[in-house]
Every structure is written in structure tokens, then in C-alpha cells.
Amino acid sequence: MSTIPDTVSGPVRLRLAPSPTGFLHIGSAFLALLDVAFAKQHRGQFILRIEDTDQKRFVAEAEEAIYDGLRWLGLEWSEGPDVGGDYGPYRQSERLPLYQAAAEELVKMGRAYYCWCSPERLDQMRREQQARKLPPKYDRLCLGKTEAERKQLPGYTERPVVRLLMPSEGQTTIDDLIRGPITIENALIQDTVILKSDGYPTYHLAAPYDDHAMRITHITRGEEWISSTPIHWQIFDAFGWEPPAIAHTPLLINADRSKISKRKHPWAKVSWFRDEGYLPEAVINYLGSLMVHVPDPNNPDPSIDRDIFGLDDIVRHFDLGRVDPSGKIVDLDKLNWLNGHSIRALEIGELIDKVRPFLETARLHVAGDPKLAPALALEQERIKRLKEAPEAVSFFFRDEDYDAKLLVPRGADANRALELLRASMQTVEEVAAGETGWKAPALEAAFRALAERLGLKTGKERGQLIGAGVMRVAVTGRTVGPPLFETMEILGADTVRRRMQAALEMLAGLASGAQRSAVR
RNA sequence: GCCGCCAUCGUCUAGAGGCCUAGGACAUCACCCUUUCAAGGUGAAGAUCGCGGGUUCGAAUCCCGCUGGCGGUACCA
């Protein structure tokens, strides 16, 4: 809200500039959300630029992964390699002549120079500097030399790079919108390569060049870039361009506070969240909680913010100047909570649609089964991630094996369990034949009456029958699950009878086989 | 090594000199509700505001120093 410099005129334009490494990094998603929030708030534009200047790192399909990730999160761009725009191309590998001309011009201006030093020589130079405890820095052997002159010296290669001539005096001050002014001595920065021998630019040339060419008004990037900003400012200065406003954002980090890596945490990839059954709105909510405070109009205490909010709220309340600069550990517990909330907020039809692919992956082919909707409705408030759904509902569709010992509830023995189950059998038959029909309320009434007759008075005692007791295990094969009577209604009388019969046989075996060790 | 960034409960944060006996959320624990599990409700525990100096009547908030963590120091981004 207070972060548009006076020098900027025209619409605000921000860009996400990921390099196509094969997946969308969660840090890129964080940046993209921040960009979108800022751009939308100022009715500006969000642009996607692919920084594919490293041929060694080429990964096929990597661009698609970036598009997929951003689209999944609902973060849309108005210009990019796929949709075009007035300032294209938006793929740096398609802008090579531009960078080459720029590098050449910098050389002509005396702000850059050719360097024919071989990687081996540079390597050796660095080793010597390290041994002498000097800061590693290019020794400017090639500076001011023609190719013919340089060729006489050792460590020469045919194909030169272009190096930026960094001033050996003065300092660069960055007016960081998040961190305030940052000052760095120019002399500490070496003559960085800006054009590689293969004709590709490095980030240090391509990024500032394109930010200017694409009329970017605000650079947002991770804090790992702070120390190379003076290099980029040199480029702007050499061409007489006004540098954009700039903000170095906090990093998403590993639990040990190091730079996040997919080695340590699979959630470095945005696609992981989709595959684990997180909802994009929950991920947006989570990332948003790391960069914005959304006030709660219903809370008289203004110091208490809302925890649940959406992209619209983020856009409305985003304030770049108030983004906290420290690194953020990804807290999956918090995300799980948010995701559970998002799942509960879904209409049942939406939930079914979203769960469908997870059912298929789990080879539970029940998408067309009429039991799916009521079963999922029961599990909806119990699952935290969509991935848990198949396991949560599978027993509605198939009889599953379980340990016979589970049929014996706490505080009872196998004979008692058998007794409870036999009596239940009769109750089930009565309800099935009764005029109220096979409905949860009828089942509940019947079983409450049965519990009374069996002397199960307290809730705990009734638990032996229905809570986590014989009936639940007999019917579902598990000790935990959704409300029993509703589960039984969905299952239908035939399935319930069949499973109870099976349980009866298992229990009979248990009771006769292990009389002596019945008490648990 | 050098340069830079960062520093409030385990985590994310509120806090812009007196409202702070440091507030909230997640996670944890207990209780309530209850047929189990959830969901929901209530409560507890959890931070000598990294440390040490200043400035001030008064500092988590301002200044200086230190420490620690991280990042950068590539023909990677």
C-alpha cells in the first residue's frame, strides 16, 4: 500500500522467473502468490518468464510442470511463453541475440570485456587464492587485452566469455522494500561472467535486461539474490535505465533452517501437495499466512488476525512493506489443519470429484457406486487429506480381513463378546424386519434398548457393543470409524448380516480355543 | 575467510517506547460433548522477547557490540 515508488508510472508489473528444473518449487509458488497479490491489489499485471539459460540443466516437460503448478494453485499470468504478450518472447532461450547485442554494447562502452581464460586456469586461480586465504576473485588477466595478446599467455581458450567490469570503488545501496536499505561494497564483487562461451547469458545479464525490456516495475525474488544485486544495478546503470523497485522475500526453509531442498523434504515440489491430497485453497491459505495478516472484523480485539482466508483476502490485505523477512519452516501440521478445514467446506459433489483420482490410484473402482456419496459424507470431517479417502471408505465396498482379537472389546473376554454379538444378531434381524425399516435412527433405538437389556448402562460400557466394540469391528473390521448406525444404514442389512456371521465364526473359534487367557 | 541477511512460545505470528503480569493460531496435554474416531467447546502447559551494554522516568520495540543461524562468494539459477 505504501510501496510504489514515485518514479514508477504506468501499471505495476511483476514477474515470476522460474528456471525449468522439472517441477514448480514451493518457493516459486510463494513468490507467485506474493506477485499476484501485489499485482492484483494495484490492478497491475503478473507475468511469467522462463529462465532457461542453462543448457546443462535442460529438462524436458519442465515448463509444463510450472504451468500445471501455477494453474493448480489458481495463480494466473497475463503474459508468458504460452499466452504471449507485448514484450515477448518470454522464454530466455529465444532471446539470445538480444543478450548478445547487449553484452557487445557493454563491451563497447567499456563496462564489460572478453575473457579467454580456460576453466582450468580459473579453477587453479581460485585454489591459489583460497590457499592464501584471499577472497576468490577473477584476477582480470584478460582485461584490456586483445585476443592476440591474450593468446600468448597460458590458460587460453578459443571461445571467450564476457565479463562485467565491476567498479573497484564505491558501493551500491539497494532500497529493499522488505528489508530497508542494504549497502554492499562494489570492490568485493568480482567481474562476473554475463555471457557464457556458448552464447547464452547468465542470470546476471538476462534478468536485469529482461526486467527492463519487459517493463517490470517491481523485482521480487528470494533473499539469496541480495548479494548479487550490485551486479544487476551495474547493468541498469551502464544502459542508463532506471532500476525497478526491489524486494527480497523470505525463504521457505527446511526444518534445520537451511535452504529448502527436495532432498530433505518432498514438499519442495508443489506437485507433492496435489499428490498428497491437499486442496489448492489450503496451500494458498498456508502460504498466505506467511506473508499477510488478515484482520478479523468479527473480533473486537484488532490484534487477533483471521487464520482461515482465501486469495481475495490476501489480495485485499497484502502489504509488501510488512512482509516478515525471516525464513519460514514449512509446518505441515498447520497445513493439515487448514486442509481439513477446506475439505469440510466442500460440497459433497465437489468432494467426490476431487477424491475420484485418489480412489483410482488406490485401485478402489467405486466412483459410480451409490454408496460413495453417503460414505464420503460421513468421512468428510475425519480426513485431513484427500489421499486418506480410499482407506477411509474402502470397508463400505468390500469385506476386509482383520485380526479376530479386535472383536473382543476392552474389559470383556471372548465369551462375553460372543454373547453380545449373538444378541446383536437378533436385534439386527428385528430391525431388518421392522416397519421403520433399515434406518440409522431405528438401529440406534434398537441397540440402545439392547444395551439396556444386556446391562450396559454407561457410555463406556455401551462402548463394548458399539463404540469401539464388537459390533463396530464385526461390521467394519476396525475399531475406529464414522458413526456406527449410519454406517450400517449405508452398508445395508445383507452386508451387515454377512459380516456379523463371519465375525461370529471367528469369535467362536477364539472363545473355544483360548478359554484360559480371555481377560484383557 | 570475506560480504550480506535474519533473530518473540516447538512452528507461523501479534507487537511501530508505556495498553505486555508479552496476545493469537497450529501442534501437545487435560476436561466437556459423545457409540469409537473426528469435528466442536473449555482450559492448561509452553517465550527470562538470542546475549551484553547503552539511550530513556520507562525498551520486545531506539542505538552499539557480540553470538548464533542462514545465504552469497560458479561459464547454476
Side-chain angles (χ1 to χ4, degrees), chain A residues 17-19 21 51-54 56-57 115 117 119 122-123 126 129-130 133-137 157 159-163 174 176 179 182-185 188-190 192-198 200-204 206-207 221-229 248 250-251 253 255-259 286 289-290 293 296 299 301-308 322 324-338 340-341 344 378-384 392 409 444 447-448 451 456 459-460 462-469 471-473 476 478-485:
Chain A
S19 53
T21 53
E51 308 228 324
D52 55 346
T53 55
D54 188 0
K56 288 194 280 296
R57 283 208 200 176
C115 170
C117 289
L122 294 173
D123 202 48
R126 267 190 291 266
Q129 286 167 338
Q130 258 169 27
K133 299 215 196 279
L134 291 168
K137 202 175 161 188
T157 50
R159 298 203 55 89
V161 300
V162 175
R163 283 182 187 275
I174 309 159
D176 194 291
R179 293 154 205 271
I182 300 168
T183 300
I184 297 172
E185 292 291 331
L188 261 15
I189 296 171
Q190 72 161 334
T192 318
V193 174
I194 55 173
L195 194 73
K196 307 180 221 180
S197 54
D198 64 4
Y200 276 65
T202 63
Y203 176 90
H204 302 301
R221 51 178 18 170
E223 66 165 292
E224 73 239 59
W225 290 108
I226 292 175
S227 49
S228 44
T229 306
H248 289 95
L251 257 22
I253 54 183
D256 63 5
R257 308 206 80 91
S258 60
K259 206 169 158 182
Y286 179 71
S289 76
L290 305 179
H293 301 139
D296 184 352
N299 200 120
D301 185 344
S303 71
I304 297 175
D305 292 330
R306 275 166 64 195
D307 298 299
I308 310 277
R322 296 199 41 165
D324 183 272
S326 60
K328 279 96 185 62
I329 297 171
V330 175
D331 180 2
L332 286 189
D333 282 330
K334 174 83 175 280
L335 211 213
N336 285 337
W337 174 70
L338 251 13
H341 187 92
R344 275 173 255 134
L378 285 186
E379 294 289 4
Q380 184 165 17
E381 69 179 33
R382 273 158 255 273
I383 57 174
K384 291 235 182 317
E444 175 160 8
F447 270 89
R448 282 198 179 276
L456 304 171
K460 286 242 186 307
R462 282 195 292 274
Q464 294 188 350
L465 216 210
I466 44 191
M471 272 302 286
R472 175 175 299 283
V473 177
T476 69
R478 312 173 181 189
T479 54
V480 297
L484 222 211
F485 305 116

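The chains referred to below are lettered A, B, ... by the order of the sequence lines, with proteins before strands, and numbering in each begins at 1.
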| request: Find which nucleotide of RNA chain B each of A:V161 and A:I329 is nearest to by heavy atoms, and output the residue with the more 5' nucleotide. | output: A:I329

| request: Using heavy atoms to find the nearest nucleotide of RNA chain B for A:P135 and A:S197 separately, return the residue whose nucleotide is more 5′. | output: A:P135

Would you say [X] reaches [N]'s phosphate, i.e. side-chain N/O to OP1/OP2 under 4.0 Å?
| X | N | result |
| --- | --- | --- |
| A:K460 | B:rU36 | no |
| A:R126 | B:rC75 | yes |
| A:R448 | B:rU35 | yes |
| A:K56 | B:rC76 | yes |
| A:K137 | B:rG72 | no |

Inter-nucleotide [atom1] distance ([N], [M]), Å rounded:
| N | M | atom1 | answer |
| --- | --- | --- | --- |
| B:rA22 | B:rC31 | C1' | 27 Å |
| B:rA27 | B:rG41 | P | 12 Å |
| B:rG69 | B:rU11 | P | 15 Å |
| B:rU8 | B:rG23 | C1' | 11 Å |
| B:rC66 | B:rA30 | C1' | 43 Å |
| B:rC64 | B:rU55 | P | 15 Å |

| task | Evaluate salt bridge (charged side-chain N to carboxylate O under 4.0 Å, His left out) for A:D331 paired with A:K334, printing each intermediate quantity in order. | result | CA-CA 6 Å; A:D331 180 2; A:K334 174 83 175 280; over 6 Å; no

Sidechain-backbone polar pair: [X] side chain, [Y] backbone, donor-acceptor under 3.5 Å:
| X | Y | result |
| --- | --- | --- |
| A:D176 | A:H248 | yes |
| A:E51 | A:A207 | no |
| A:R472 | A:P482 | yes |
| A:R306 | A:I308 | yes |
| A:R126 | A:P136 | no |
| A:T192 | A:Q190 | yes |
| A:S197 | A:R159 | no |

In this structure, how many angstroms lie between the [atom2] atom of [N] and the [atom1] atom of [X], rounded?
| X | N | atom1 | atom2 | answer |
| --- | --- | --- | --- | --- |
| A:E185 | B:rG1 | CD | C1' | 17 Å |
| A:R257 | B:rG10 | CZ | C1' | 11 Å |
| A:E444 | B:rU35 | CD | C1' | 8 Å |
| A:R382 | B:rU36 | CZ | C1' | 9 Å |
| A:D198 | B:rA74 | CG | C1' | 14 Å |
| A:I466 | B:rC37 | CD1 | P | 13 Å |
| A:Y203 | B:rU73 | OH | P | 12 Å |
| A:I253 | B:rC12 | CD1 | C1' | 11 Å |

| said: The side chain of A:K328 is closest to which nucleotide in this list: B:rU13, B:rA14, B:rG71? | reply: B:rU13

Name the pairing partner of [N], where a pair is Watson-Crick or G-U wobble with both distances under 3.5 Å, or state none.
| N | answer |
| --- | --- |
| B:rU48 | none |
| B:rG43 | B:rC29 |
| B:rU67 | B:rA7 |
| B:rU55 | none |
| B:rC19 | none |
| B:rU36 | none |
| B:rG72 | B:rC2 |

| request: Could you walk me through whether A:K56 and A:D198 pass side-chain contact (heavy atoms from CB on, under 4.5 Å), step by step? | output: CA-CA 11 Å; A:K56 288 194 280 296; A:D198 64 4; 6.0 Å; no

| query | Do A:R472 side-chain and B:rU35 base share a donor-acceptor contact under 3.5 Å? | reply | yes

| request: Answer with yes or no whether the side chains of A:R257 and A:S326 bring together a donor and an acceptor at under 3.5 Å. | output: no

| said: A quick test of your reading: do over 12 heavy atoms of other residues, nucleotides or ligands sit less than 6.0 Å from NE2 of A:H204? | reply: yes

| message | Strictly under 4.0 angstrom, non-hydrogen atoms only: write out the protein contact profile of nucleotides 21-30 of chain B, one letter per nucleotide from the 5' end, B, S or -. | response | ---SSBS---

| note | Its contact letters, B for base, S for sugar-phosphate only and - for none at protein heavy atoms under 4.0 Å, make nucleotides 4-9 of chain B read SSSS--

| Does the side-chain contact (heavy atoms from CB on, under 4.5 Å) test come out yes or no for A:D54 and A:K196, once each step is laid out? | CA-CA 10 Å; A:D54 188 0; A:K196 307 180 221 180; 4.2 Å; yes

